[in-house]
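Just below is one structure, and these are the notes that go with it.
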Number of protein chains: 2
Amino acid sequence: MKEFLRTKGFKMTPQRELIFRSFFELGEHVSVDELYDKVREIDKSVGYSTVWRNLKLICKVGLAIEVNLGDGITRYDRVTKIPHGHLYCMNCKKLEEFSVEQIVGLLAETAGNYKFAPENFKIEIQGYCVDCKADNKVNIDKASVTAENVTEMKQ
Amino acid sequence: MKEFLRTKGFKMTPQRELIFRSFFELGEHVSVDELYDKVREIDKSVGYSTVWRNLKLICKVGLAIEVNLGDGITRYDRVTKIPHGHLYCMNCKKLEEFSVEQIVGLLAETAGNYKFAPENFKIEIQGYCVDCKADNKVNIDKASVTAENVTEMKQ
DNA sequence: GTTGAAATTGAAAACCGATTTCATTTAGGA
DNA sequence: TCCTAAATGAAATCGGTTTTCAATTTCAAC
Ligand SMILES: [Mn+2]
Ligand SMILES: [Mn+2]
Ligand SMILES: [Zn+2]
Ligand SMILES: [Zn+2]
């Protein structure tokens, strides 16, 4: 790892090593705060900005990507060999992964049609998980929209 | 429209009418600031928070959904009869839409497998558009990641 | 081993879009 | 017309992200 970073012009430090290791132990969808807490369990002297900067570095060297789910918190997801999508429960915020090999194929094709150079694909299903659905805690009182409403509105 | 809102318990006001109309004139991927400016062209007395609140209302009644592309700015996208995905250029921030009927089918199926109640699907391709690719302005010096790096890191 | 330039760190401040507060005004049913 | 709930505008606040800056540390070159 040290070698790997040095070839990119980055130096290795005790903090960095701890942060990198902790990140991969946490594994999925890690927020700055979560990683900060994890790191602090071992070394209380590590600063928040150092954790933040190293999370950015992990992305820069291609080991993770940022994930934004609209709850205002940026999470960092390790890069997996096989791409995956996310099932995001809008009630309990739980996140599940599912495989998207077939879909990515279609998307790559689409990108080609638009002469677009894809860097990565984001595939998310937002909704409510089994538990939340069952608990009936979800109050979906969204107005029933009709084509007329929209048309009317548009003029 | 007034009728439509009243049945939901909302009142109609001059500001609201102007904001709603302006939103649908702008059409796609509207940010609060953009809408605020557009509204202000016609009525300088309308406040920012009123624009913001009405954008939220437009979502609540199901006429738009929030879109977060990771650039820190929330955009509001009108709801379309046929679902669409987004091609997002990480360089010039341009946004193009493409149809995703087939993909949504697969996603609905996936949701079913997880007993998940989907509310909406987010399908994005992040990368670089033709122009930015051609201009060679894009400096992709992302480290070439190998499986070994990751494995090594993980232990 | 010593040295020095460049990278890294930690604390604090700055940033900035999103959201809330609150006093005042307004809509619309009774 | 009257009354109450909803809506508004300005300003303050919130909270996650990013930058600043002085001090420290790494590591390649001697
Ligand atoms: Mn994931
Ligand atoms: Mn769109
Ligand atoms: Zn849930
Ligand atoms: Zn572009």
Side-chain angles (χ1 to χ4, degrees), chain A residues 1-23 29-37 39-40 42-61 64-76 93 141 143, chain B residues 1-23 29-37 39-40 42-61 64-76 93 141 143:
Chain A
M1 187 63 231
K2 183 177 175 180
E3 218 25 57
F4 171 66
L5 285 177
R6 211 186 50 238
T7 64
K8 311 291 169 197
F10 301 111
K11 296 174 176 175
M12 181 50 75
T13 67
Q15 295 95 329
R16 176 160 293 166
E17 193 175 345
L18 174 57
I19 292 169
F20 272 57
R21 186 193 331 289
S22 301
F23 174 75
H29 318 125
V30 182
S31 67
V32 184
D33 283 355
E34 281 168 10
L35 184 53
Y36 177 67
D37 289 345
V39 164
R40 284 236 151 188
I42 292 171
D43 184 348
K44 284 258 183 300
S45 73
V46 178
Y48 180 90
S49 43
T50 300
V51 173
W52 180 82
R53 282 185 288 236
N54 275 289
L55 228 18
K56 289 287 187 183
L57 179 62
I58 290 173
C59 291
K60 191 182 286 187
V61 299
I65 63 166
E66 296 192 357
V67 180
N68 279 92
L69 297 137
D71 62 356
I73 293 177
T74 302
R75 290 170 180 281
Y76 297 80
K93 320 292 186 198
D141 67 329
Chain B
M1 188 64 231
K2 182 176 175 180
E3 219 23 59
F4 172 67
L5 285 177
R6 209 184 54 235
T7 65
K8 311 291 169 197
F10 302 111
K11 295 174 177 176
M12 181 49 76
T13 66
Q15 295 94 330
R16 176 161 293 167
E17 193 176 345
L18 173 58
I19 292 169
F20 272 56
R21 185 194 331 287
S22 301
F23 174 74
H29 318 125
V30 182
S31 67
V32 184
D33 283 353
E34 281 167 11
L35 184 52
Y36 177 66
D37 289 345
V39 164
R40 283 234 151 190
I42 292 171
D43 183 349
K44 284 257 184 300
S45 73
V46 179
Y48 180 90
S49 44
T50 300
V51 172
W52 179 82
R53 281 185 289 234
N54 275 289
L55 229 19
K56 287 288 187 183
L57 179 62
I58 290 174
C59 291
K60 190 183 286 186
V61 300
I65 64 167
E66 295 193 357
V67 180
N68 278 91
L69 296 137
D71 62 355
I73 294 178
T74 302
R75 291 172 178 280
Y76 298 79
K93 319 293 187 198
D141 66 330

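Letters A, B, ... are given to chains in the order of the sequence lines, protein chains preceding strands, and every chain is numbered from 1.
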Whole-Å distance, I73(B) CD1 to dT17(D) C1', equals 14 Å
Treat primed atoms plus P, OP1 and OP2 as sugar-phosphate and everything else as base, then score nucleotides 23-30 of chain D 5' to 3': B for base contact with protein heavy atoms under 4.0 Å, S for sugar-phosphate contact only, - for none.
---BSS--
In the 5'-to-3' direction, what one-character label does each nucleotide of nucleotides 10-15 of chain D receive under the scheme B = base within less than 4.0 Å of a protein heavy atom, S = sugar-phosphate only, - = no such atom?
B-----
Determine whether V61(B) and F10(B) make a side-chain contact, defined as any pair of heavy atoms from C-beta on separated by less than 4.5 Å.
yes
E34(B) versus H29(B): any side-chain heavy-atom pair under 4.5 Å?
no
Grab the CH2-P distance between W52(B) and dT21(C) for me, whole Å please.
11 Å
So, is K56(A) close to the dT18(D) phosphate, meaning a side-chain N or O under 4.0 Å from OP1 or OP2?
yes
For residues T74(A) and V32(A), determine if any side-chain heavy atom of one lies less than 4.5 Å from a side-chain heavy atom of the other.
no
How long is the line joining CG of L18(B) and C1' of dA7(D), in whole Å?
15 Å
Please determine if a side-chain N or O atom of N54(A) lies less than 4.0 Å away from the OP1 or OP2 oxygen of dT8(C).
no
Nearest 0.5 Å please: distance from the CG atom of L35(B) over to the CG atom of D37(B).
9.0 Å
So, taking the atom named CZ in R16(A) and the one named CZ in R53(A), what distance separates them when rounded to the nearest 0.5 Å?
9.5 Å
Could you work out, with ring-ring contact (aromatic ring centres under 6.0 Å, His included) as the rule, every residue matching Y36(A), not counting sequence neighbours?
Y48(A)
Any idea which of dG10(C), dG16(D), dT19(D) is nearest the T50(A) side chain?
dG10(C)
Quickly work out the N68(B) CG to dG16(D) P distance and round it to whole Å.
15 Å
Euclidean distance, L57(A) CG relative to W52(A) CH2, rounded to 0.5 Å:
11.0 Å
Protein-nucleotide distance (R16(B), atom CZ; dG9(D), atom P), rounded to Å
11 Å
Quick check: do R6(A) and M12(A) have side-chain heavy atoms less than 4.5 Å from each other?
no
Rounded to the Å, how far apart are L5(B) CG and dG28(C) P?
10 Å
Nucleotide dG17(C), atom P - distance to CG of D33(B) in whole Å
7 Å
Distance, rounded to the nearest Å, where F20(B) contributes CZ and dA7(D) contributes C1':
12 Å
Side chain proximity check, F23(B) to I58(B), heavy atoms < 4.5 angstrom:
yes
